[in-house]
Peer 1: 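Starting off with a structure, shown below.
All values derive from a computational prediction rather than experimental measurement.
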Amino acid sequence: MSDEHAQRAAGGGRGAPAGWAPRAGDGPGRGGHGGRPGEPGRPRRPGGDGGNGGDRGPGGNGNGRPRRTGWRRLLPTWRMVVGGILLVVLLIAAGLIAGYMLVQIPAANQAAVAESNVFLYADGSQLARDGEVNRESVPLSKVPRDVQHAVLAAEDRDFYSESAVNPEAMLRAAWNTVTGKGKQSGSTITQQYVKNYYLGQEQTISRKVKEFFIAIKLDREESKDDILEGYLNTSYFGRNAYGIQAASQAYYGKDSDKLNTAEGAYLATLLNAPSLYDVGAHPENQARATARWNYVLDGMVKKKWLSQADRAAMKFPAPGKARARLGMSGQRGYLVEAVKDYLTTNKVVDEQTLARGGYRITTTVEKKKQDAFVSAVQKQLMDELSDDRAVDRYVRAGGASVDPRTGRVVALYGGIDYTKQFVNNATRRDFQVGSTFKPFVFTSAVANDASTQDGRTITPFTLYDGTNKRPVQGPNGPVGYAPANEDDVSYGQITVTKATDLSVNAVYAQMAQDVGPAKVKDTAVALGIPANTPDLNANPSIALGVANASVLDMAQAYATLANHGRHGAYTLVDKVTKGAEVVPLPNQDVKQAVTRTAADTTTSILESVVDNGTGRGAQAAGRPAAGKTGTAEDDKAAWFAGFTPDLATVVAVMGQDSDTGEHKSLYGAAGQARINGGGFPADIWASYTRAALSGTSVKDFDLELESGARMPTMEPTIPPPPTVSAPPSIPAPPTPSEPSFPPLPPTGPPTGFPTRPPTGPPSIPGLPTFIPNEPKGGGGLDGGLLGDY
């Protein structure tokens, strides 16, 4: 203890300064450190003494407030919170002022003189150069007021009353960019104009910050009309059209001041995403475009820019046919547009940024195979057409070829000439795929260990009832669907393999019900058919190919079968660069979509289709092949989808009126009574495949089949037909003493299981066998009695 403390303890503390007196309540024993009994306590000094903090009662803090203890000590006081908020506000205000002062309105960007995009074949040789900018600026007075209102209804309905920026939308877009959720706009028209005219399309925080301050300055320095005029002249409308005047010409062949309200509403629709709403280039966009067009018109009514009566009287204004740009003739235009769609759909680059140019794009397309495809279509189909037959003017062709091991699209046939037929027949999704869908049903059956209604496992040799218009049976009886076979032929009891050879609708509709339509759809999607494919619905009719998948979609799915069930999304692009920058591309993400057994067993029955069934025309390829024919309703399209171990290729011949866009039947085309998948499509497939694989070694399929997929070594007895599927007209099955399969061919039965599945199942007693020679283009197994649906 120090001397001072000792003195204090003995009562020798310092006396109170002159003029000081004890506070009320400071009685004996309460002063300072406590006086002696009977002595007045020492008065307190400011700040306390001896580190005792003055008058601190229990929980005191020297200023009359209770001392905070425990977890409360970790919380800031309200003074600290208020002070922090004020500091943040001051910092934000300072940042805004500094940003406003420092960020200047720049000169216009180089969009008006955009660079070309260069497209290359896989070997580096030039495919096409695309980059001419189609733009013609017009004053706002040349844009009808209703068209202006349509644009505002689509993009920014409060443009004239709101501020130049939308902070909430800006924060949302910035957050999505930081977290990798992709771009999300919501910007005002002023912000969009700043982005189009002064900045660029890159999705970065720095660009959004610049956009924010430039928009504020621009709104103070220019009128709303000037900003709207600039926006209308710089926005991209698709078809290489920049600005409302170029768009008006590209879609309706007229100047902007001649546009009516309905047409203006459609052009306003395109601003959201041109490739999603152009019904000329992509007919399958019709429903989506119509919905967006209605949204625009309803917005005009809501803002009282359009009367309800005028709105009700409007009809969707179908745009005119697109005019191809110079240098896009032949297949070049189709390939360029397919590559652009691939890049924008996979969010590698957005449409406006790509349209500004400067990209060098190496595709997966191999020139040798591409030329082989063009030659095959020309020799096998186009040379057979005549100007003397009106129906021949409807004939179109589309094709796609995919390397099953890599998913690379090595060739794509879009049509006779991009400058004559703008719609890409390889990527359009508005024709039924027909019976080329049936293999997906069988694949799903094997993958899901499915069985018939009476409990028999579905294999290539499972017997089904092929009676024409047989009602499809569910667990509780008929489900209300009874599809007709081609030409109303009834086949009675028939194996799955033979039903596939002859494309029997009654069998496959029942099989889809047995497997479960939802499971069939899931399998098709897993193989590569897009989930949003039009008319891809989970009901028994799914087996007959009513879905409108594209040729490229089908090629991707068949490539998955060829690759033993392993699937990776197809790719059209090997590399993209812009200057020294390499643009990242989507990962392939290859995975086992279905079991190898399911894929390979499907391949085995598709081999039989080529060897013994409707696809015999594919034998001309000179290679082991598996495939399936298909015909759309009313013969409006005919398909052949097939593959070798090295190449998966799909060919479709379609009917469409070039003037009206209406789908047309192909009866009588090329002088044939009907066009079926086993005719022209199979011939094109075989010619292309032979040329594309010339110089490469011939490979056989290496298959792992499900149990029961090989021909049995002993003659089995036909099991009794299911009671739910035996109409009275079907003959009774043979007695057990009768063999269900005839003797094997004269060469003698195999001593063990064959090394590859049989080329076709044995015939069933009572089943008619038709093996006539098939004339080119129709008849035979794929026409007449044994055509496919």
Peer 1: Please report the closest heavy-atom contact between A250 and R239, naming both atoms and the distance.
Peer 2: O-NH1, 3.1 Å
Peer 1: Distance from H282 atom NE2 to T427 atom OG1, nearest 0.5 Å?
Peer 2: 6.0 Å
Peer 1: Please name the pair of heavy atoms, one in I416 and one in Y334, separated by the smallest distance, quoted to 0.1 Å.
Peer 2: N-OH, 3.9 Å
Peer 1: Which heavy atom of A338 sits nearest to which heavy atom of L412, and what is that distance?
Peer 2: CB-CD2, 3.6 Å
Peer 1: Which heavy atom of L666 sits nearest to which heavy atom of G655, and what is that distance?
Peer 2: CD2-CA, 3.6 Å
Peer 1: Check step by step if side-chain contact (heavy atoms from CB on, under 4.5 Å) holds for L536 and V525.
Peer 2: CA-CA 10 Å; L536 182 64; V525 171; 4.1 Å; yes
Peer 1: Between the side chains of N294 and R311, does any donor sit under 3.5 Å from an acceptor?
Peer 2: yes
Peer 1: Any side-chain to backbone donor/acceptor pair from T353 onto V349? Under 3.5 Å, distance only.
Peer 2: no
Peer 1: Knowing that exactly one of V365, L343, T363 qualifies, which makes a side chain to side chain contact (heavy atoms under 4.5 Å, CB included) with V573?
Peer 2: L343
Peer 1: Can you check whether K664 reaches D657 side chain to side chain, under 4.5 Å on heavy atoms?
Peer 2: yes
Peer 1: Starting at CZ of R428, measure out to CG of L552 and round the result to the nearest 0.5 Å.
Peer 2: 14.5 Å
Peer 1: Under the 3.5 angstrom rule, does the side chain of N346 hit a backbone N or O of V348 as a donor-acceptor pair?
Peer 2: no
Peer 1: Measure the acute angle between the ring planes of Y418 and F422, then classify it against the limits of 30° and 60° as parallel, tilted or perpendicular.
Peer 2: tilted
Peer 1: Taking it one step at a time, do T269 and Y295 satisfy side-chain hydrogen bond (donor to acceptor under 3.5 Å, both in side chains)?
Peer 2: CA-CA 9 Å; T269 292; Y295 165 80; over 6 Å; no
Peer 1: Between D634 and H663, is any pair of side-chain heavy atoms under 4.5 Å apart?
Peer 2: no
Peer 1: Is it true that E486 and R674 have a side-chain N and a carboxylate O under 4.0 angstrom from each other?
Peer 2: yes
Peer 1: Starting from the C-alpha separation in whole Å, work towards a yes-or-no answer on side-chain hydrogen bond (donor to acceptor under 3.5 Å, both in side chains) for T344 and E351.
Peer 2: CA-CA 6 Å; T344 55; E351 287 185 69; 5.4 Å; no
Peer 1: Go through the steps for I675 and D635 under the test side-chain contact (heavy atoms from CB on, under 4.5 Å), then give the verdict.
Peer 2: CA-CA 7 Å; I675 304 297; D635 280 21; 5.8 Å; no
Peer 1: Which heavy atom of F437 sits nearest to which heavy atom of A524, and what is that distance?
Peer 2: CZ-CB, 3.7 Å
Peer 1: Would you check if the side chain of Y251 reaches a backbone N or O of F237 as a donor-acceptor pair within less than 3.5 Å?
Peer 2: yes
Peer 1: Could you pull out the closest heavy-atom pair between N425 and M654, with the gap in Å?
Peer 2: O-CE, 3.4 Å
Peer 1: Any idea how F316 and Y266 line up, ring-wise: parallel (<30°), tilted (30 to 60°), or perpendicular (>60°)?
Peer 2: perpendicular
Peer 1: If you count heavy atoms of other groups shown closer than 6.0 angstrom to NZ of K302, is the number above 12?
Peer 2: no
Peer 1: Is the shortest side-chain N to carboxylate O distance from K303 to D158 below 4.0 Å?
Peer 2: yes
Peer 1: Within the distance-only criterion (no hydrogens, no angle test), does the side chain of R429 pair as donor or acceptor with the backbone N or O of P534 below 3.5 angstrom?
Peer 2: no
Peer 1: Just verifying a value: how many Å separate R157 CZ and H149 NE2, rounded to the nearest 0.5 Å?
Peer 2: 13.0 Å
Peer 1: Between K258 and S248, is any side-chain donor less than 3.5 angstrom from a side-chain acceptor?
Peer 2: no
Peer 1: Between T631 and K636, does any side-chain donor sit less than 3.5 Å from a side-chain acceptor?
Peer 2: no
Peer 1: Using the rule given for salt bridge (charged side-chain N to carboxylate O under 4.0 Å, His left out), can you reason through K340 versus D130, listing the C-alpha separation, both sets of side-chain angles and the distance that settles it, and then say yes or no?
Peer 2: CA-CA 11 Å; K340 286 182 176 180; D130 173 46; 2.4 Å; yes
Peer 1: Could you walk me through whether T261 and M300 pass the side-chain contact (heavy atoms from CB on, under 4.5 Å) test, one step at a time?
Peer 2: CA-CA 10 Å; T261 304; M300 295 178 69; 3.9 Å; yes
Peer 1: Go through the steps for D225 and S223 under the test side-chain hydrogen bond (donor to acceptor under 3.5 Å, both in side chains), then give the verdict.
Peer 2: CA-CA 5 Å; D225 282 350; S223 69; 5.5 Å; no
Peer 1: L232 and side chain to side chain contact (heavy atoms under 4.5 Å, CB included): which single residue from L140, V138, I227 fits?
Peer 2: L140
Peer 1: Determine whether a donor-acceptor pair (N or O, by modelled atom type, separation under 3.5 Å) exists between the side chain of W639 and the backbone of Q432.
Peer 2: yes
Peer 1: Is it true that atom CZ of R145 has more than 12 heavy atoms of other residues, nucleotides or ligands lying nearer than 6.0 Å?
Peer 2: no
Peer 1: So does D341 get a backbone contact from the side chain of T345, meaning a donor-acceptor N/O pair under 3.5 Å?
Peer 2: yes
Peer 1: Please indicate whether D387 has more than 12 foreign heavy atoms, meaning atoms of other residues, nucleotides or ligands, lying under 6.0 Å from its CG.
Peer 2: no
Peer 1: For E229 and K142, what are the C-alpha separation, side-chain angles and deciding distance, and is it a salt bridge (charged side-chain N to carboxylate O under 4.0 Å, His left out)?
Peer 2: CA-CA 10 Å; E229 177 182 304; K142 290 290 186 180; over 6 Å; no
Peer 1: Rounded to the nearest 0.5 Å, what separation is found between the CG atom of L271 and the CG atom of D156?
Peer 2: 12.0 Å
Peer 1: Evaluate R292 against E155 for salt bridge (charged side-chain N to carboxylate O under 4.0 Å, His left out), listing each step before the verdict.
Peer 2: CA-CA 12 Å; R292 178 73 178 174; E155 295 296 306; 3.6 Å; yes
Peer 1: Does the D430 side chain pair with the main chain of E284, one donor and one acceptor, at a distance under 3.5 Å?
Peer 2: no
Peer 1: Using a 4.5 Å cut-off on heavy atoms from C-beta on, say whether the side chain of L297 contacts that of L306.
Peer 2: yes
Peer 1: Yes or no on ring-ring contact (aromatic ring centres under 6.0 Å, His included) for Y558 and F440, after CA distance, side-chain angles and deciding distance?
Peer 2: CA-CA 9 Å; Y558 271 72; F440 307 155; 5.7 Å; yes
Peer 1: Do R396 and Y413 meet the cation-pi criteria used here (NZ or CZ under 6.0 Å from the six-membered ring centre, within 45° of the axis)?
Peer 2: no
Peer 1: Whether K254 and E263 form a salt bridge (side-chain N of Lys/Arg under 4.0 Å from carboxylate O of Asp/Glu) is what I want to check.
Peer 2: yes
Peer 1: Would you check if the side chain of N505 reaches a backbone N or O of A484 as a donor-acceptor pair within less than 3.5 Å?
Peer 2: yes
Peer 1: Within the structure provided, determine whether P317 and W293 are in side-chain contact (heavy-atom separation under 4.5 Å).
Peer 2: yes
Peer 1: Taking the side chain as everything from C-beta on, heavy atoms only, tell me whether N285 gets closer than 4.5 Å to Y277.
Peer 2: no
Peer 1: So, does N117 use its side chain to make a donor-acceptor pair with the main chain of L354 at under 3.5 Å?
Peer 2: yes
Peer 1: Do any N or O atoms from the side chain of S435 and from the backbone of K438 form a donor-acceptor pair under 3.5 angstrom?
Peer 2: no
Peer 1: When you measure from the centre of the six-membered ring of F159, is the NZ or CZ of K224 under 6.0 Å away and within 45° of the axis?
Peer 2: yes
Peer 1: Quick one: are L152 and L228 in side-chain contact, heavy atoms under 4.5 Å?
Peer 2: yes
Peer 1: Check whether the side chains of Q656 and R393 place a donor and an acceptor atom closer than 3.5 Å, and report yes or no.
Peer 2: no
Peer 1: Using side chain to side chain contact (heavy atoms under 4.5 Å, CB included) as the criterion, point out the one residue from V441, V520, V479 that pairs with Q513.
Peer 2: V479
